[in-house]
Amino acid sequence: MKIKTFGDMKSKTKPVEEEPVGKTSSISDVFARKNAQKNAETIKPQVINPKPLFKPTVQTVVCTDIKNEISTVIADLKLNDFHITDVEISRINGLKDTIRLDDPNMISDWGSAASKSSEEIINQLSEIIKNSSIDNVRIHLNNIFDMIKSFDVKELKKEESFFSNFFAVKKKKDFKTVDVELLNEIVECNKQLAKIKSIHNVFSEMFDKNETQFRKLTIYIVSGFMFVKSKKDELATLDQSMLDFFAKQRIVDTHESMSRFERRLNTLTQLRYSVLLRIAQLRLEQKNIFMLIDNVSEVLTLLIPSWRQQMLTLTSTAKVNVSNDMYSSLESIQNMLIQKIENP
């Protein structure tokens with residue numbers, strides 16, 4: 001008896017139907033039938049799995065009771081000065097279950113991961129305030145200020161002994177020479193200004209770190225106070241008259257550990273308040289930097305080119321009809337330049 005294997009059964013093909021006797025067929029019909037049979041054996045239907053229309057997203061589902069409880073605690077602690085997300089509520093609920101008062105190191109290290117960001121932000125802000133490019137820009141502006149102020153428009157306007165007054169005012173320096181020195185100062189000032197503009201990215205990074213730290217501290221504070229409240233409620237319902245000496249001592253230790261933990265939470269609350277105040281300081285420093293960039297850019301790209309154009313016209317050796325309006329325009333531009341440079 002021959003046992004059929006899986007391969008024999010799988011490779012079994014449908015027998016070819018014989019033509020009825022007496023019916024003739026052409027050679028082309030025979031080849032067509034054989035090709036059709038061969039294709040039926042080799043071609044397998046492809047199964048196409050349809051792609052999903054929408055990709056599923058991960059969402060945090062928080063119980064309404066837990067959300068209301070945490071919102072109440074946040075309001076009681078007066079920490080409801082920002083919008084808390086469901087993800088943060090879920091983290092608060094999970095974090096409070098990890099607190100262990102019998103671990104002294106956990107109490108002293110509670111929230112330390114969030115408090116470390118303060119040092120990083122303060123160091124970055126200190127580097128911005130002490131940035132040498134800001135001082136270098138002011139130095140170049142002062143040099144430009146001295147060059148521009150050396151030309152007295154009122155003296156230039158006098159027709160009598162024009163050239164003698166002109167050379168006396170600019171300390172016997174030809175305007176072309178001064179103009180070359182002025183262009184060199186402008187080039188160096190632009191280099192320092194480009195370095196200051198890169199500080200904008202640092203401010204964006206500090207704002208992100210500050211907000212992240214603020215939210216992390218809130219999570220640690222709220223979860224900690226929720227744990228303290230539940231622990232106090234638990235101890236209040238405990239009948240200590242039925243406990244032995246050692247059990248009572250453990251309760252005393254729990255109260256002492258809880259006092260340590262509450263002091264830690266109050267310290268984190270003060271740190272959170274300082275982080276909130278730091279936002280105003282960061283925005284003030286950012287505003288000052290942007291104001292410096294705008295004023296210096298206006299001086300270098302708008303006012304100085306206009307002033308140079310007027311000076312080139314007035315000090316040109318070619319015969320140019322110089323009107324009082326040109327002197328007035330030059331004086332107005334020069335006064336604006338001086339004011340901008342004095343208060344960058």
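Scope of the values below: all heavy atoms of this structure, side chains included, with no hydrogens, waters or symmetry mates.
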Sequence neighbours excluded - side-chain hydrogen bond (donor to acceptor under 3.5 Å, both in side chains) pairs with any residue from residues 102-115: Arg100-Asp102
Minimum heavy-atom distance Ile99-Ser223, with the two atoms named: CD1-O, 3.9 Å
Side chain to side chain, Glu181 and Asn143, heavy atoms closer than 4.5 Å: no
Joint cluster assignment, Val275 & Ile279, ILVMFWY side-chain distance < 4.5 Å: yes
Ile84 and Ile92, any side-chain heavy atoms less than 4.5 Å apart: yes
Where Ala114 and Leu217 come nearest, the two heavy atoms and their spacing: CB-CD2, 3.8 Å
Ser118 OG to Asn210 CG distance, which is reported to the nearest 0.5 Å: 8.0 Å
Path from Ile66 to Leu95 over hydrophobic side-chain contacts below 4.5 Å: yes
Worked verdict on Val222 versus Met226 for side-chain contact (heavy atoms from CB on, under 4.5 Å): CA-CA 6 Å; Val222 175; Met226 286 184 66; 4.1 Å; yes
Which atom of Tyr220 lies closest to which atom of Leu265, heavy atoms considered: O-CD2, 3.9 Å
Verdict with supporting geometry, Lys116 and Glu120, salt bridge (charged side-chain N to carboxylate O under 4.0 Å, His left out): CA-CA 7 Å; Lys116 290 179 180 178; Glu120 298 177 5; over 6 Å; no
Between Glu188 and His140, a side-chain donor and acceptor under 3.5 Å: no
Test item: Phe261 and Met106 side chains (from C-beta on) under 4.5 Å apart, heavy atoms: yes
Sole candidate of Val296, Val137, Asn131 that passes side-chain contact (heavy atoms from CB on, under 4.5 Å) when paired with Gln192: Val137
Side-chain donor-acceptor pairs under 3.5 Å in residues 281-293, sequence neighbours left out?
{"unit_1": "Asn288", "atom_1": "ND2", "unit_2": "Leu284", "atom_2": "O", "d": "3.3"}

Ile107 side chain reached by Ser257 side chain, heavy atoms, under 4.5 Å: yes
Under-4.0 Å salt bridge between Lys232 and Glu262: yes
Non-hydrogen side-chain atoms of Ile70 and Val73 separated by less than 4.5 Å: no
Contact check, side chains of Asp208 and Glu205, non-hydrogen atoms, under 4.5 Å: no
Check against salt bridge (charged side-chain N to carboxylate O under 4.0 Å, His left out), Lys229 and Asp233: CA-CA 6 Å; Lys229 182 178 180 300; Asp233 293 341; 3.5 Å; yes
Non-hydrogen atoms of Arg260 and Pro104 that approach each other most closely: NH2-O, 3.4 Å
Between CD1 on residue Ile128 and CD1 on residue Ile196, distance to nearest 0.5 Å: 11.5 Å
Given Asn266, Thr267, Leu79, the one that forms side-chain contact (heavy atoms from CB on, under 4.5 Å) with Ile221: Leu79
Test applied, side-chain hydrogen bond (donor to acceptor under 3.5 Å, both in side chains); reference residue, Lys67; option that passes from Asp86, Thr72, Asn93: Asp86
Any residue meeting side-chain contact (heavy atoms from CB on, under 4.5 Å) with Thr254, in chain and number order, not counting sequence neighbours: Leu101, Lys231, Leu235
Student check: side-chain heavy atoms of Asp81 and Tyr273 closer than 4.5 Å: no
Interatomic spacing from NZ in Lys130 to CG in Leu125 - rounded to 0.5 Å: 10.5 Å
Ser198 side chain vs Lys195 backbone, donor-acceptor pair below 3.5 Å: yes
Student check: side-chain heavy atoms of Arg308 and Leu183 closer than 4.5 Å: yes
Ile144 vs Leu300, side-chain contact (heavy atoms from CB on, under 4.5 Å): CA-CA, chis, key distance, verdict: CA-CA 10 Å; Ile144 294 173; Leu300 298 181; 4.2 Å; yes
Residues Ile74, Ser71; criterion side-chain contact (heavy atoms from CB on, under 4.5 Å); working and verdict: CA-CA 5 Å; Ile74 291 175; Ser71 299; 5.6 Å; no
Residues Arg278, Gln213; criterion side-chain contact (heavy atoms from CB on, under 4.5 Å); working and verdict: CA-CA 11 Å; Arg278 190 195 299 148; Gln213 183 187 18; 3.2 Å; yes
